[in-house]
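Read through the structure below, which is laid out as structure tokens, and then see the notes.
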Amino acid sequence: MRLTNTISITIAIVAAIGSINDAEACTRVVYVGNNGEVITGRTLDWKEEIGTNLYVMPRGMEREGYDESNTIKWRSKYGSVVSVGYDVGVNEGMNEKGLVCNLLYLPGTVYSRPNDTRPYISTSVWAQYVLDNFATTSEAVAELSKDKFQINAPAMPGGNATTLHMAISDATGNSAIIEYINGYISIHEGEQYKVMTNAPTYDKQLAINEYWKEIGGLKMLPGTNKSSDRFVRASFYVDALPLDTTHQMALAGIFGIVNNCSVPIGISVDNQPEISSTRWRSVSDQKDKVYYFESTLSPAIIWVDLAKCDLREGAPVLKLDLINNKKTLVGEMNKLMVKSKPFTPMFHIPSNMKF
């Protein structure tokens, strides 16, 4: 490795560490095997329990991005299974084409520009917009790169703005990382972008990871719950997974990585809600269209087989109410999901609402 490259990477790491301010949150990782296996796993970490329900959304649903006139509107092309935090906003999901969209916390995100007149879409339905409209990562990137709308980030319960960045992966293994820096969209697209965590911004995360590649993961890996440390560990482990393996082994590999990157219950930092415990984990099997979900408070994994769902236009929305569930659930949930109204996106939190 040349000295100039070493100096450049070191400078990038120092700058990145200075901008992190110990900010943490979630981890997302994608496995792409030689036998058509594409699997996306993630953790969701937060300062408090995020009550989350699962929904199956059919095709042909009319949507709008915001509750005011200056908004985008669309009609869903594809059915999907989604996880909905606090029953008011989509955290992530997978559509019938095997496109997966995950939202992770990114402090310092700025979505709007001065005197911005572009129409709005709320972070509460941003992921749903992608799942509804696109079959591949490239399709999503082609449209999102036009930067035609601005994102509204309402405060979440607890008062923290939903400053998020997005990871997209499709059934071919192509990925994209979508961030907003000073009001302008930044996109990294390619199969090599298999991992996303949180702060700093993605270009700095890549520089930090390059430094650790020179050390070699079999010799030493960073072990804290910091965002950059989890990025390095997930990157090393997903590259270490065998490419020629069985479907079961590939799933086990991703479950192992998301468990390795999880933060135990009880860890949190005052005034930094993103430095927090893992609340749940998910694994999206993009080959067989199965969405796995595991709460850290439950001893078992549940899943929804999207290939068995009725996604035809006019089919009912289905809901698995995990927020109010008092039983231990395990296994396939298709038959336990019930007809439901769609969740109501929270575009604003009323001033008199308490959590």
Side-chain angles (χ1 to χ4, degrees), residues 52-103 111-112 116-137 139-156 161-170 176 178 180 185 284 289 291 304 306 309-321 337-350:
T52 301
N53 292 326
L54 304 185
Y55 285 82
V56 170
M57 303 289 193
R59 307 177 204 116
M61 297 187 69
E62 302 291 340
R63 314 248 198 228
E64 58 183 15
Y66 199 55
D67 60 351
E68 297 180 5
S69 58
N70 188 27
T71 185
I72 66 169
K73 299 181 180 181
W74 69 94
R75 191 169 185 267
S76 61
K77 297 178 183 177
Y78 305 109
S80 59
V81 54
V82 295
S83 74
V84 181
Y86 300 109
D87 212 35
V88 298
V90 176
N91 299 306
E92 65 167 20
M94 175 173 62
N95 72 18
E96 62 185 292
K97 296 298 183 179
L99 186 80
V100 171
C101 183
N102 312 102
L103 297 180
Y111 293 119
S112 62
D116 203 339
T117 60
R118 292 172 298 161
Y120 285 107
I121 183 173
S122 170
T123 50
S124 64
V125 291
W126 186 25
Q128 188 71 66
Y129 167 80
V130 171
L131 296 169
D132 284 349
N133 286 290
F134 308 114
T136 68
T137 299
E139 284 182 14
V141 167
E143 185 61 28
L144 293 173
S145 62
K146 297 175 184 177
D147 209 8
K148 295 191 298 186
F149 53 75
Q150 60 179 304
I151 296 176
N152 174 266
M156 288 183 287
T162 49
T163 52
L164 306 168
H165 54 170
M166 174 183 286
I168 305 171
S169 60
D170 64 23
I178 315 294
Y180 283 82
I185 195 167
S284 298
K289 312 299 187 296
Y291 178 78
V304 176
L306 194 58
C309 295
D310 184 359
L311 303 176
R312 296 172 299 171
E313 182 176 344
V317 172
L318 299 179
K319 177 181 180 179
L320 182 66
D321 188 345
M337 301 191 81
V338 299
K339 296 179 182 179
S340 170
K341 294 180 179 179
F343 73 94
T344 301
M346 184 168 282
F347 299 119
H348 313 275
I349 292 185

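Note that the structure is predicted; figures quoted are calculated from it, not measured. What's counted below: heavy atoms across the whole structure, side chains too, no hydrogens, waters or symmetry copies.
- Met61 places a side-chain heavy atom less than 4.5 Å from the side chain of Ser76.
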- Do Ile72 and Tyr129 pass the side-chain contact (heavy atoms from CB on, under 4.5 Å) test, and can you show the C-alpha distance, the side-chain angles, and the key distance before you say yes or no? CA-CA 10 Å; Ile72 66 169; Tyr129 167 80; 3.8 Å; yes

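- Although no hydrogens or angles enter the test, the distance criterion places no donor-acceptor pair under 3.5 Å between the side chain of Ser83 and the main chain of Leu54.
- Nearest heavy-atom pair, Val130 versus Ala140, reported as atom, atom and distance to 0.1 Å: CG1-CB, 4.4 Å.
- Side-chain contact between Lys341 and Lys319 is absent, with no heavy-atom pair separated by less than 4.5 Å.
- No donor-acceptor pair closer than 3.5 Å links the side chain of Thr71 to the backbone N or O of Glu68.
- Residues Val56 and Tyr291 have side chains not in contact (no heavy-atom distance under 4.5 Å, counting atoms from C-beta outward).
- When every heavy atom of Thr123 is checked against every heavy atom of Leu103, the shortest pair comes out as O-CD1, 3.9 Å.
- Between atom CG of residue Leu320 and atom OG1 of residue Thr52 there is a gap of 11.5 Å, rounded to the nearest 0.5 Å.
- Counting heavy atoms from C-beta on, the side chains of Leu306 and Leu311 come closer than 4.5 Å.
- Here CG of Leu131 is found 11.5 Å from OH of Tyr78. Values are rounded to the nearest 0.5 Å.
- Aromatic ring orientation, Tyr66 versus Tyr120: tilted (interplanar angle from 30° to 60°).
- The nearest pair of heavy atoms linking Pro342 to Val317 is CG-CG2, 4.0 Å.
- Judged by distance alone, the side chain of Asn102 and the main-chain N or O of Glu92 form no donor-acceptor pair under 3.5 Å.
- If you take CG on Asn152 and CD1 on Ile121, they are separated by 10.5 Å, rounding to the nearest 0.5 Å.
- If you run side-chain hydrogen bond (donor to acceptor under 3.5 Å, both in side chains) between Glu96 and each of Arg59, Lys289, Lys77, only Arg59 comes through.
- How far CZ of Phe149 is from CG of Asp116: 12.0 Å, rounded to the nearest 0.5 Å.
- With Asp87 contributing its side chain and Phe343 its backbone, the two residues share no donor-acceptor pair below 3.5 Å.
- Going from atom CE of Met166 over to atom CH2 of Trp126 covers 4.5 Å, rounded to the nearest 0.5 Å.
- Residues Met94 and Ser284 share a closest heavy-atom pair of SD-CB, 4.0 Å.
- Between Leu318 and Lys339, the closest side-chain pair of non-hydrogen atoms falls below 4.5 Å.
- When all heavy atoms of Gln128 and Val82 are compared, the pair lying nearest together is OE1-CG1, 3.5 Å.
- Side-chain contact between Leu99 and Thr137 is present, with at least one heavy-atom pair separated by less than 4.5 Å.
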- Message: For a side-chain contact (heavy atoms from CB on, under 4.5 Å) check, start with the C-alpha distance between Ser112 and Gln150, then their side-chain angles and the critical distance, and finish with the verdict.
- Response: CA-CA 6 Å; Ser112 62; Gln150 60 179 304; 3.5 Å; yes

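- Once rounded to the nearest 0.5 Å, the distance linking CD of Glu62 with CG of Asp132 reads 10.5 Å.
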- side-chain contact (heavy atoms from CB on, under 4.5 Å) between Arg63 and Met57: does it pass, once the steps are laid out? CA-CA 12 Å; Arg63 314 248 198 228; Met57 303 289 193; 3.8 Å; yes

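- Here the shortest heavy-atom pairing between Val304 and Met337 reads CG2-SD, 4.0 Å.
- Using a 4.5 Å heavy-atom cutoff, the side chains of Tyr180 and Leu164 are not in contact.
- Using a 4.5 Å heavy-atom threshold, the side chains of Trp74 and Val125 count as touching.
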